[in-house]
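Comments concern the structure below.
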Amino acid sequence: DDVWLRPNPPVGGVLDRPSHTWSVVVGESDLAAMISDLDDPVAVQEAYLNDGTDLDLARLAPLRNLRMVSVNRAGRVRSAPSPHLPVESLSLDTGSADLEPLAGHPTIWDLTVRGTAEPVDVRLLATLPTLARLDLSGATVRNETQLAGLTELRMLALSQPQWRHLREANSIPTR
């Protein structure tokens, strides 16, 4: 009963075809093994990975139509979804995340990072060619004034102290 698919109550490994959503409590389990237990991994478009201790998002590769990944209450995230996956939205709520593997990801346009102990480096975010929506309100940001250089952003969510710092540095993004 640690695998369930919306909108039905826990059903254990059967994909809810109308929503194409897979939600799982990962814990210390092997993500690749959990994916191999799915009846139709290609049908999954949304993945909610909950309470994982150590997640390797590269293991999501068999979910070839995956468009949205939400990592919730994870201990550590040590990789990014493959650039070959059409992931458009990535939300990371984790104590520790290595964001370097995200560099240059061609399809991520919506990124949320919160809870991570390591500061998010804006230079890495500048390598995401389609990034339009960014929420760093729950993260520490390194070189925060460089956010003004992300000219393609259409939405930026920051905390009040982060906005204050940008205003004081006269580095408010133009859009």
Side-chain angles (χ1 to χ4, degrees), residues 1-121 124-125 127-141 155 157:
D1 19 75
D2 59 355
V3 176
W4 57 275
L5 302 152
R6 290 185 325 186
N8 301 323
V11 292
V14 178
L15 184 65
D16 175 19
R17 296 223 183 260
S19 71
H20 301 285
T21 300
W22 179 52
S23 183
V24 62
V25 175
V26 179
E28 294 183 17
S29 300
D30 178 24
L31 194 54
M34 297 175 99
I35 291 169
S36 70
D37 287 342
L38 288 171
D39 290 337
D40 189 5
V42 176
V44 176
Q45 293 182 25
E46 295 180 13
Y48 293 87
L49 309 175
N50 304 303
D51 304 307
T53 55
D54 187 20
L55 293 175
D56 179 358
L57 298 184
R59 302 283 188 137
L60 298 172
L63 307 178
R64 294 192 322 250
N65 292 313
L66 190 61
R67 302 221 179 272
M68 194 277 299
V69 177
S70 181
V71 174
N72 304 299
R73 301 170 308 276
R76 177 176 171 227
V77 175
R78 57 185 164 98
S79 66
S82 165
H84 303 292
L85 290 178
V87 173
E88 298 170 343
S89 179
L90 177 62
S91 176
L92 300 172
D93 179 3
T94 177
S96 173
D98 179 8
L99 298 180
E100 285 296 322
L102 272 181
H105 197 288
T107 57
I108 293 177
W109 63 265
D110 176 14
L111 177 64
T112 299
V113 180
R114 66 177 69 90
T116 184
E118 298 86 17
V120 175
D121 191 337
L124 170 93
L125 302 176
T127 70
L128 299 174
T130 59
L131 188 63
R133 183 190 178 285
L134 179 61
D135 182 346
L136 298 173
S137 61
T140 303
V141 181
M155 196 289 293

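Not measured: the values here are computed from a predicted model.
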- When rounded to the nearest 0.5 Å, the distance separating OG1 of Thr107 from CD of Glu88 is 6.5 Å
- Hey, what do you get for CG (Leu55) to OG (Ser29), rounding to the nearest 0.5 Å? 10.5 Å
- Check: Leu125 and Leu136 side chains under 4.5 Å, non-hydrogen atoms: yes
- Query: Does a side-chain heavy-atom distance below 4.5 Å link Tyr48 with Thr21?
  - Reply: yes
- Close side-chain approach of Val113 to Asp93, heavy-atom, < 4.5 Å: no
- Message: Give me the atom names and distance for the closest heavy-atom approach of Val87 to Pro81.
- Response: CG2-CB, 3.9 Å
- Message: Could you tell me if the side chain of Val141 sits less than 4.5 Å from the side chain of Pro119, heavy atoms only?
- Response: no
- Message: Do Glu100 and Leu102 have side chains that approach each other closer than 4.5 Å (heavy atoms only, starting at C-beta)?
- Response: no
- Query: Taking NZ, NE, NH1 and NH2 as the nitrogens, is one of them in Arg78 or Asp98 under 4.0 Å from a carboxylate oxygen of the other?
  - Reply: no
- Task: Grab the two heavy atoms, one from Arg59 and one from Ala32, that are nearest each other, plus how far apart they are.
- Result: NH1-CB, 3.2 Å
- Minimum side-chain heavy-atom gap Leu92-Leu99 below 4.5 Å: yes
- Hey, mind stepping through Val44 and Glu46 against side-chain contact (heavy atoms from CB on, under 4.5 Å) and telling me if it holds? CA-CA 6 Å; Val44 176; Glu46 295 180 13; 5.9 Å; no
- Set of side-chain contact (heavy atoms from CB on, under 4.5 Å) partners for Thr130, sequence neighbours left out: Trp109
Under 3.5 Å, sequence neighbours excluded: what are the donor-acceptor pairs made by side chains of residues 60-71?
from, atom 1, to, atom 2, distance (Å)
Asn65, ND2, Val42, O, 2.9
Ser70, OG, Asn72, OD1, 3.2
Ser70, OG, Asn72, ND2, 3.4

- So, for Pro83 and Pro106, which heavy atoms are closest and what is the spacing to 0.1 Å? O-CG, 3.6 Å
- Query: Which atoms form the tightest heavy-atom contact between Ser79 and Ala58, and what is the distance?
  - Reply: OG-N, 3.0 Å
- Pairwise side-chain contact, Leu57 with Val77, heavy-atom cut-off 4.5 Å (strictly under): yes
- Query: Given Leu131 and Leu111, is the side-chain contact (heavy atoms from CB on, under 4.5 Å) satisfied, shown in steps?
  - Reply: CA-CA 7 Å; Leu131 188 63; Leu111 177 64; 3.9 Å; yes
- How far apart are the closest heavy atoms of Val24 and Met34, and which atoms are they? CG2-CE, 2.9 Å
- Item | Main-chain N/O of Gly104 paired to Thr127 side chain as donor or acceptor, under 3.5 Å | yes
- Query: How close do Thr94 and Ser96 get, heavy atom to heavy atom, and via which atoms?
  - Reply: OG1-O, 2.9 Å
- Message: Considering only residues two or more places apart or on different chains, which pairs with a residue in residues 109-121 satisfy salt bridge (Lys or Arg N to Asp or Glu O under 4.0 Å)?
- Response: Asp110-Arg133, Asp121-Arg123, Asp121-Arg142
- Message: Any heavy-atom pair between the side chains of Val26 and Asp51 that's under 4.5 Å?
- Response: no
- Query: With no hydrogens and no angle check, do the side chains of Asn50 and Ser23 hold a donor and an acceptor under 3.5 Å apart?
  - Reply: yes
